[in-house]
There are 2 protein chains.
Amino acid sequence: MATFCGSRYNNNELVNDKGIVMNQPKMTDVAKKAGVSPTTVSRVINRRGYLSTKTINKVEAAMRELNYRPNMVARQLQSQRTMTIGILVPTVANPFFGELTYKLERDFFNAGFKVLIGNAENDVEKERLYLQQLLARQVDGLVIATHNHQQQIPEYQNANLPIVSIDRYLRASIPNVSSDNYAGGRLATEELIARGAKHIIHTDSVERFNKRDYLRQQAYQDVMNEHGLTPVTYKIDFGSQPELMRQFFNRILDEHPEADGFFASNDMDAIQLLQTARQREIRVPEDLQVIGYDGVPTTTRIVPELSTIVQPLDEMAKVAVDILQREINGERVTGSHNLPVRLRASASLKQ
Amino acid sequence: MATFCGSRYNNNELVNDKGIVMNQPKMTDVAKKAGVSPTTVSRVINRRGYLSTKTINKVEAAMRELNYRPNMVARQLQSQRTMTIGILVPTVANPFFGELTYKLERDFFNAGFKVLIGNAENDVEKERLYLQQLLARQVDGLVIATHNHQQQIPEYQNANLPIVSIDRYLRASIPNVSSDNYAGGRLATEELIARGAKHIIHTDSVERFNKRDYLRQQAYQDVMNEHGLTPVTYKIDFGSQPELMRQFFNRILDEHPEADGFFASNDMDAIQLLQTARQREIRVPEDLQVIGYDGVPTTTRIVPELSTIVQPLDEMAKVAVDILQREINGERVTGSHNLPVRLRASASLKQ
DNA sequence: CTGAAAGCGCTAACAG
DNA sequence: CTGTTAGCGCTTTCAG
């Protein structure tokens with residue numbers, strides 16, 4: 001009996017130890033070897049219909065002997081389902097999206113789906129290319145967590161495919177999963193005030209096409225106003241080049257020596273500020289209290305002293321997966337699904 | 001003319017504004033609308049053979065009108081290629097693998113491939129499940145960057161598919177891409193010694209099935225011995241729970257008050273040590289110099305003061321993608337491809 | 001320059 | 001309990 005150990009692939013052919021070329025076995029090969037029809041083999045594989053134990057054994061032996069693996073592509077063409085989901089993120093190299101992707105993939109895997117990943121890199125054209133590919137019946141559904149301007153991507157308007165977006169509006173009929181950005185902004189600001197901060201600076205990355213950061217900023221301003229304090233927001237409108245970041249935060253601290261509180265719209269910015277503060281020998285939290293945003297486990301492990309608003313990534317993934325499955329099953333789902341955030345208070349805040 | 005804006009999907013059907021049910025258009029629909037044969041439509045799509053401009057225009061108009069997208073699955077069945085690569089990592093939530101996955105996906109995308117991702121989570125059974133799926137002609141090739149024991153995964157032995165592994169031995173006929181772990185271990189230790197450290201501790205995560213860390217450790221021990229110094233290696237044989245880590249590093253520093261140098265086999269451990277040192281008011285680098293390993297950009301941005309051995313992830317991804325493409329094209333590739341590492345010296349080392 | 005027919009590997013429908 | 005037939009949507013002969 002030929003063994004496939006040490007076999008080599010060569011395009012679509014198998015070369016066994018004796019150098020005999022043989023194609024990848026298909027169902028008819030198994031059927032022939034087991035002395036049954038292809039249909040029977042299919043039935044054994046899918047455990048459908050009534051089958052005699054003898055047939056099952058014969059077929060399974062033949063499959064094992066041939067090292068047979070059903071061709072998923074053929075099955076997909078027949079069933080009109082790929083059991084595959086496409087996920088579009090800016091980049092999995094970013095810990096936030098790495099964590100999100102991990103959790104999405106995990107939950108989809110448990111639900112029987114595979115995951116195609118696309119790093120759109122804040123590049124509208126790349127996002128369009130991915131979409132065009134994925135819309136070609138390659139996937140049963142789509143999770144969109146990128147941050148490009150959807151207006152420039154017409155594919156979203158006539159995408160005939162279940163989609164769920166994360167923290168982003170695409171179009172009215174596409175459901176969205178977010179965490180409660182307004183509540184997060186309020187929580188951060190209120191905590192700083194409750195701990196005695198009066199001169200609180202807020203930084204925000206520019207995401208023109210996303211209400212997300214706007215809501216965090218809006219909440220910050222509302223709370224400041226409610227307390228008779230003056231809101232000061234700085235927009236980060238450059239990338240995240242360390243040198244520019246350093247200059248930026250130094251400028252803020254130069255312009256606001258009175259600052260005793262700081263709320264950054266994401267943890268990376270908050271961490272950058274902590275570094276700047278340390279260099280300037282500003283004591284945290286005594287002189288300056290700091291809250292970031294996101295609370296990704298990896299980041300928290302590296303910088304445990306940073307207080308932050310934690311987004312419920314676990315729940316967000318679960319809800320997104322659930323919504324997409326319902327859409328795939330023909331259910332109509334729309335609207336925004338807002339999940340609660342929580343504060344992780346640590347050493348960058350006073351007791 | 002029917003427009004698909006606002007259309008809903010419902011299994012495989014399109015429902016247009018007027019509520020009329022219509023299937024996803026296929027090639028025959030386009031052919032009918034354009035008054036040509038399916039073959040001609042195929043030719044237009046693939047720009048194959050001689051075509052009159054008139055025909056091309058007719059067909060393209062029909063495709064646009066119907067919002068036609070070729071069914072990739074059918075095309076894959078026919079061409080026997082999926083143009084898809086499977087990537088298996090422990091988890092993209094880990095910045096190292098997030099970065100690696102990002103770069104692999106980017107390079108594969110540029111080469112015309114899509115990427116299926118699997119987070120095997122150090123779970124042998126999960127890795128096997130992924131493999132079984134991916135081997136079913138779902139992908140044209142596989143990148144394996146997990147760390148499970150390959151002995152427990154027989155699928156690798158008779159996998160009839162192009163594979164490249166990253167930093168891991170799978171079997172003699174499967175090419176491997178690594179960075180030079182031995183050189184990295186040497187470099188780290190030598191730099192510490194050159195800067196005056198005499199009592200250098202080394203920590204290493206337990207990866208029994210991988211020579212990787214063993215090589216780093218081996219190099220450390222060799223260099224120490226060459227310099228007449230006593231090597232001290234601690235194995236981290238628990239997960240990475242912060243509380244255990246804290247205790248662990250405290251214990252090391254308790255047991256070795258004389259320590260003036262520290263080489264951790266990965267940056268997360270090194271960062272944990274930096275935290276412990278700060279809590280114990282041990283000055284870095286004056287009292288204790290520290291070098292980590294990996295040098296992922298994200299980590300470096302968050303903890304710029306950490307010196308580290310930088311793995312050339314960019315190059316590793318490029319080489320892996322190149323090797324896999326060559327394998328896919330029928331070329332036989334084997335052996336270990338070792339890429340050079342470099343030191344990133346920062347504040348955790350003396351000038 | 002264009003079309004008809006066969007087939008990629010599988011499964012569903014229908015027959016026995 | 002098992003087999004025959006047709007077809008998923010595309011591309012590739014081979015004819016014209």
Side-chain angles (χ1 to χ4, degrees), chain A residues 11-14 22-60 62-63 66-83 133 135-138 140 160, chain B residues 11-14 22-60 62-63 66-83 133 135-138 140 160:
Chain A
N11 292 325
N12 206 24
E13 290 164 347
L14 257 188
M22 47 210 312
N23 288 314
Q24 286 272 23
K26 44 188 170 182
M27 210 138 106
T28 51
D29 298 324
V30 177
K32 212 168 291 173
K33 178 147 229 138
V36 297
S37 75
T39 311
T40 301
V41 178
S42 170
R43 287 202 182 97
V44 171
I45 291 168
N46 299 298
R47 288 279 181 277
R48 238 192 279 294
Y50 302 94
L51 293 161
S52 71
T53 323
K54 216 177 69 185
T55 309
I56 293 178
N57 290 338
K58 263 192 313 188
V59 171
E60 285 186 335
M63 295 201 296
L66 294 173
N67 191 230
Y68 168 76
R69 298 183 192 287
N71 183 326
M72 285 311 276
V73 175
R75 199 180 268 180
Q76 287 167 10
L77 179 59
Q78 155 71 32
S79 69
Q80 301 286 55
R81 297 181 129 229
T82 58
M83 293 308 282
Q133 295 219 335
L135 290 176
R137 254 72 110 260
Q138 296 236 82
D140 294 342
N160 176 42
Chain B
N11 293 326
N12 206 22
E13 291 164 344
L14 258 188
M22 46 210 314
N23 287 314
Q24 287 272 24
K26 44 188 169 182
M27 210 138 109
T28 52
D29 298 324
V30 176
K32 211 168 293 173
K33 177 147 229 137
V36 297
S37 74
T39 312
T40 302
V41 177
S42 171
R43 287 204 183 95
V44 171
I45 290 169
N46 299 298
R47 288 280 180 277
R48 237 193 280 292
Y50 301 95
L51 292 160
S52 70
T53 323
K54 216 176 71 186
T55 310
I56 293 178
N57 290 338
K58 263 193 311 189
V59 171
E60 285 187 335
M63 294 202 294
L66 293 173
N67 191 229
Y68 169 75
R69 298 182 191 289
N71 183 326
M72 286 311 273
V73 175
R75 198 180 271 180
Q76 287 168 9
L77 179 59
Q78 156 71 33
S79 69
Q80 302 287 57
R81 298 181 128 226
T82 59
M83 295 306 283
Q133 295 219 336
L135 290 176
R137 253 75 109 256
Q138 294 235 84
D140 294 342
N160 176 42

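All values below were derived from every heavy atom in this structure, side-chain atoms included, with hydrogens, water molecules and symmetry-related copies excluded. Order of the sequence lines fixes the chain letters, A, B, ..., with proteins taken first and strands second; residue numbering starts at 1 for each chain.
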Discussion item. Could you report the tightest heavy-atom contact between Met27(A) and Ser42(A), atom names first, then the distance?
Written reply: CE-CB, 3.2 Å
Fill in: Annotated protein contacts, base or backbone, on nucleotides 11-16 of chain C with a non-hydrogen cut-off under 4.0 Å, one of B, S, - each
BBBB--
Response to the item:
Whole-Å distance, Asn71(A) CG to dC8(C) P, equals 12 Å
Worksheet item: Can you name the side chain to side chain contact (heavy atoms under 4.5 Å, CB included) partners of Gln78(A), sequence neighbours left out?
Response: none
Discussion item. With a 3.5 Å distance limit and no angle check, can you tell me whether Asn57(A) reaches the backbone of Lys54(A) through a side-chain donor-acceptor pair?
Written reply: no
Item to complete: Name all residues meeting the side chain to side chain contact (heavy atoms under 4.5 Å, CB included) criterion together with Ser79(B); count only those two or more places apart in sequence or in a different chain, and write none if there are none.
Response: Arg81(B)
Worksheet item: With Thr39(B), which residues qualify under side chain to side chain donor-acceptor pair (under 3.5 Å), at least two apart?
Response: none
Worksheet entry | Distance in angstrom units between Arg81(B) CZ and dT11(D) P, rounded | 15 Å
Fill in: dG9(D) OP1/OP2 closer than 4.0 Å to side-chain N/O of Gln80(A)
yes
Practice prompt. Remember a base hit wins even if backbone is also touched, and classify Leu77(A) as base, sugar-phosphate or nothing at under 4.0 Å, heavy atoms.
Written response: base
Item to complete: Measure from the side-chain heavy atoms of Ser52(A) and tell me the nearest of dG9(C), dC10(D), dT2(D).
Response: dT2(D)
Worksheet item: Bend angle of the helix from dC1(C)-dG16(D) to dG16(C)-dC1(D) from five-pair axes at both ends, rounded to 10°?
Response: 40°
Worksheet item: Roughly how many Å is it from CD in Gln24(B) to P in dG9(D), rounded to a whole number?
Response: 10 Å
Response to the item:
Residues at least two apart in sequence or cross-chain that pass side chain to side chain contact (heavy atoms under 4.5 Å, CB included) with Arg48(A), listed by chain then number, are Asn46(A)
Worksheet entry | Protein-nucleotide distance (Arg47(B), atom CZ; dT12(D), atom P), rounded to Å | 16 Å
Worksheet item: Could you state the CG-C1' distance from Asp29(A) to dC10(C), rounded to the nearest angstrom?
Response: 13 Å
